[in-house]
Amino acid sequence: MCGICGFVSKRRITAEQLKTMNDTMYPRGPNDSGEEIFAGEGGYHVGLAQRRLSILDLSMLGHQPMHSCNDRLVITYNGEIYNFLELRKELSDYPFQSQCDTEVILAAYLKWGISCIDRFQGMFAIALYDRETNDLYLVRDRIGKKPLYYWIDGENIVFASELKPIMEYPGFPRKIRQDVIRRYLYQQCVNEPDAIFENVYKVEPGQIIRF
């Protein structure tokens, strides 16, 4: 199943705090975990983390966050790209090190840019950081099979496969949205793009968010 989380923030979040966020998703990914923090521009720091359930390429070559061969890109990803073997053939000039679909996403972005998402068949929630442009992309598959939440306060963004990592982010206010309670009690869910907390949203099916 796997789980991802991270942030782009001007707050000084430590590696231990990011790990605490990540470990709230242990049941989603008991096989491996990884956390990394990078210095961005303008006083920002970028944190990426993943809890891994090993399915494709069970070796540590599938560890995340995963870097592209030129270290320009870093990705955390949950899901499966069903046609990754076909795409890998089109990307034969990329020096693949693993047999997993995560690396194919990196190679596809380097060749086609963010429009590479249009070529993917599968279920996925992707957080991709382009260190050259300082863009963070949050992407969700077209039917919304894989969940992806984000909290934005006007300056910083925090994302995760579940609400629990966002709730562990230092300074998150945990304020319930009063206007969605009636909807939740009636439907037993809160439809995207809304969520139960103030200023927290769900990436919508098929949506690409650039921060």
Does [X] reach the side chain of [Y], with side-chain heavy atoms less than 4.5 Å apart?
X	Y	result
Arg28	Ser161	yes
Gln64	Tyr77	yes
Val200	Leu163	yes
Phe84	Thr102	no
Ile81	Val104	no

Is it true that, when you exclude [X] itself, more than 12 heavy atoms of the residues, nucleotides or ligands shown sit nearer than 6.0 Å to its [atom1]?
X	atom1	result
Glu41	CD	no
Lys10	NZ	yes
Tyr94	OH	yes
Lys111	NZ	yes

Can a donor-acceptor pair be found, under 3.5 Å and without considering hydrogens, that links the side chain of [X] to the backbone of [Y]?
X	Y	value
Asn83	Glu86	no
Asn22	Gln50	yes
Asp130	Asn134	no

Is the closest basic N to carboxylate O distance between [X] and [Y] below 4.0 Å?
X	Y	result
Lys19	Asp23	yes
Arg177	Glu198	no
Arg119	Glu90	yes
Asp135	Arg210	yes
Arg131	Asp71	yes
Glu204	Arg140	no

So, taking the atom named [atom1] in [X] and the one named [atom2] in [Y], what distance separates them when rounded to the nearest 0.5 Å?
X	Y	atom1	atom2	result
Asp141	Glu80	CG	CD	12.0 Å
Met21	Tyr169	CE	OH	7.5 Å
Cys116	Leu91	SG	CG	9.0 Å

Side-chain donor-acceptor pair under 3.5 Å between [X] and [Y], yes or no?
X	Y	result
Ser98	Glu103	yes
Tyr26	Ser33	no
Glu36	His67	yes

Linked hydrophobic residues, Ile4 as query - side chain contacts closer than 4.5 Å: Val8, Phe38, Tyr44, Val46, Leu48, Val74, Tyr129, Leu136, Leu138, Leu148, Tyr150, Ile152, Ile157, Phe159, Tyr201, Val203, Ile209, Phe211
Can Trp112 be reached from Tyr82 by stepping across I, L, V, M, F, W or Y side chains whose heavy atoms are under 4.5 Å apart? no
Please determine whether residues Met66 and Ile117 belong to a single hydrophobic cluster, defined as Ile, Leu, Val, Met, Phe, Trp and Tyr linked transitively by side-chain heavy-atom distances below 4.5 Å. yes
